[in-house]
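Comments concern the structure below.
For reference, positions follow the sequence shown, starting with 1.
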Amino acid sequence: MPIKVFVQTYGCQMNLADSEEMFLHLSARGAVRTDNLDQADAVLINTCTVRDHAEHRALSFLGRLCKWKRQNPQRIIIFAGCAAQRMGKALQKRYPYLNIVSGAKEIEHFDQTLDKSGLFSPAATPAAPQAALSAYVTIMRGCNFNCSYCIVPSVRGPVKCLPAQTILQDATRKAQAGAKEITLLGQTVNAYQDGSTTFADLLNRVSEIPGVQRVRFTSPHPIYFTPQFLAAVKDNPKIARHVHLPVQSGSSKVLQEMKRGYTREIFLEKVRALQVAGFEISTDIIVGFPTETEEDFAQTLSLVDQARFTAAYCFKYSPRQGTPAAQLPLHSENVLENRLSILLNKVRGLAEQAYQRQVGTVQSVLMETPRKGRSSSNYWVETGLDFPVGSVVSCKIERAEGTLLFARNEHD
Ligand code: SAH
Ligand code: SF4
Ligand code: F3S
């Protein structure tokens, strides 16, 4: 009987990709996936620690597994990822029923970790899994920035770019297994460099792989968007016209204290250049950074007014142990709540407005179901007629309803 593994992932897309990679090592050792915890023989929890809340969710899930494990002490619990890296061996003391702790930095040796545990049979070549329509490809690990609020560099380590050859092989394997859309992943993904291969070169080369219809990437850092980058990708329609570009704050003073490496003005210039080249932009914003004044917060609100984002994910500042900003006095929970709710009010309508702006345009849509797909700029489009899943269809947009676009079809 194969070992049935329940996989629970917290955090960003990089963590989702890591979970897939870890699961491949498990499946090479005879494991199969299950979505039913009660029937599982093992649980893989891949954790996030970017904010206290994220870590809490993983720990509370782990706490609940105590009973699950008591029902059958043969059951296996693997705690992996960024929170595992932060808390390290202390975890096994606190949760003695944990079988394996494997921090984010150890992902490259996860196969050895499994073998050392003695809990799994020896590895065989796993059956090549059928890829989903959209597949992730990690191109770099770690981060060389030191944003003063952020724990990622300490739990993921410095940047390591994977060789371009390895990346192209990974993407090719996924395309052969059925993926039509490839998303390249890294914490500062557009800083990628391998010898003379730049990030733009890599995007272009991935887009040339047979079967690949679209290439996305996340998360880029504003400072690496240069005119050279835009020139290198402008004639390639397979590169998606959407960029998730975290700004964090609209105040140049706070940006400097966050050590982000750009001012409000530079960020807005980059946004404009991307928008002129046809890219739609979404973002992340942190409210209540320790030095953020009412005036700084007002600057964030005005940046949202100016930037024409399609979406903004807003977070309350969460102090992370060991980061420079964690030394600074915190705002009260009241201030954080207040600013978050004001900002959320402002960003609530962004998506609807962005969808309305698409009416009358022509969008290239990658079909995810026979009638529905996503445009290059990441809008959902209902085609009205059936098309093969995985095909790309050119659609004239007739109207928008909430966060759905409707294309013209013969019955209208
Ligand atoms: N590498 C990406 C962001 C990765 S972390 C970048 O630099 O843009 C994902 C998001 O979590 C960040 O964009 C930020 O908005 C948020 N975040 C990171 N640390 C945080 C903290 N200490 N408190 C609140 N939000 C945080
Ligand atoms: Fe964190 Fe900054 Fe690196 Fe992004 S660029 S992961 S926010 S340190
Ligand atoms: Fe979280 Fe680690 Fe990603 S801390 S946001 S899972 S890199």
Side-chain angles (χ1 to χ4, degrees), residues 6-9 12-17 19-20 23-24 32-36 127-137 170-185 203 206-218 236-244 278-282 310-311 313 350-412:
F6 180 91
V7 181
Q8 178 71 43
T9 308
C12 60
Q13 279 108 324
M14 275 139 268
N15 245 23
L16 284 168
S19 292
E20 278 173 27
F23 181 74
L24 269 185
V32 295
R33 211 163 166 152
T34 178
D35 291 330
N36 185 330
Q130 189 67 23
L133 191 76
S134 180
Y136 291 127
V137 171
D170 188 14
T172 304
R173 192 173 49 77
K174 287 175 174 156
Q176 282 168 350
K180 304 284 177 209
E181 179 178 86
I182 300 283
T183 303
L184 303 183
L185 297 177
L203 282 173
V206 171
S207 77
E208 286 159 10
I209 294 171
V212 171
Q213 300 279 13
R214 181 173 287 161
V215 189
R216 296 188 183 277
F217 55 88
T218 202
N236 188 343
K238 288 191 180 174
I239 296 172
R241 270 23 187 189
H242 170 249
V243 174
H244 183 68
F279 289 89
E280 298 282 356
I281 318 274
S282 55
T310 58
Y313 301 92
L350 288 179
E352 271 89 349
Q353 290 158 25
Y355 269 75
Q356 283 298 337
R357 288 199 295 270
Q358 306 314 307
V359 175
T361 64
V362 176
Q363 301 279 334
S364 133
V365 179
L366 175 60
M367 301 307 292
E368 297 199 8
T369 71
R371 292 218 161 190
K372 208 169 153 190
R374 255 179 322 140
S375 74
S376 175
S377 308
N378 214 20
Y379 296 108
W380 282 104
V381 181
E382 169 80 52
T383 51
L385 292 174
D386 282 5
F387 293 97
V389 170
S391 62
V392 173
V393 182
S394 179
C395 294
K396 175 91 196 263
I397 305 303
E398 286 274 279
R399 63 194 165 87
E401 267 178 37
T403 52
L404 188 56
L405 299 175
F406 291 84
R408 189 207 311 269
N409 69 56
E410 285 162 15
H411 309 297
D412 282 344

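The two residues Gln363 and Ser377 have their closest heavy-atom pair at OE1-OG, 4.3 Å. Between Gln358 and Ile397, the shortest heavy-atom contact is O-CB, 3.5 Å. Closest approach of Val206 to Ala171, counting heavy atoms only: CG1-CB, 4.3 Å. Here the closest heavy-atom approach between residue Thr9 and residue Ser19 is recorded as OG1-OG, 2.8 Å. When every heavy atom of Thr183 is checked against every heavy atom of Ser134, the shortest pair comes out as OG1-OG, 4.3 Å. Scanning all heavy atoms of the two residues, the minimum distance from Arg33 to Phe23 falls at N-CZ, 3.6 Å.
From Gln356, atom CD reaches atom CZ of Arg399 across 11.0 Å, with rounding to the nearest 0.5 Å. Distance check, rounded to the nearest 0.5 Å: CD of Glu181 to CD of Glu368 gives 6.5 Å. In this structure, Gln176 CD and Ile209 CD1 are separated by 9.0 Å, a value rounded to the nearest 0.5 Å.
For Arg241 (side chain) and Ile239 (main-chain N/O), a donor-acceptor pair under 3.5 Å exists by modelled atom type. A side-chain donor-acceptor contact under 3.5 Å links Lys238 to the backbone of Ser207. Put simply, the side chain of Thr34 never gets that close to the backbone of Phe6: no donor and acceptor are under 3.5 Å apart.
Annotation: side chain of Arg216 is in contact with side chain of Asn378 (closest heavy-atom distance under 4.5 Å). For the pair Arg214 and Ser364, the minimum side-chain heavy-atom distance is below 4.5 Å. At a threshold of 4.5 Å between non-hydrogen side-chain atoms, the residues Phe217 and Val243 count as touching. A heavy-atom distance below 4.5 Å is found between the side chains of Tyr355 and Leu405. Side-chain atoms of Asn236 and Leu203, non-hydrogen and from C-beta on, never get closer than 4.5 Å to each other. Counting heavy atoms from C-beta on, the side chains of Glu401 and Glu382 never come closer than 4.5 Å. Side-chain contact between Tyr379 and Arg374 is absent, with no heavy-atom pair separated by less than 4.5 Å. Proximity of Lys372 to Leu404: side-chain heavy atoms (C-beta onward) are separated by under 4.5 Å at one or more points.
Remark: Ser282 engages His242, His244, Thr310, Ala311 in a side-chain contact (heavy atoms from CB on, under 4.5 Å) (not counting sequence neighbours).
Sparse packing is recorded around CG of Asp35, with 12 or fewer heavy atoms of other residues, nucleotides or ligands lying under 6.0 Å away.
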With side-chain contact (heavy atoms from CB on, under 4.5 Å) as the criterion, how do Lys180 and Leu366 come out once you've worked through the C-alpha distance, each side chain's angles and the decisive distance to 0.1 Å? CA-CA 8 Å; Lys180 304 284 177 209; Leu366 175 60; 4.1 Å; yes

Stepwise side-chain contact (heavy atoms from CB on, under 4.5 Å) check, Leu185 with Thr218: CA-CA 5 Å; Leu185 297 177; Thr218 202; 3.5 Å; yes

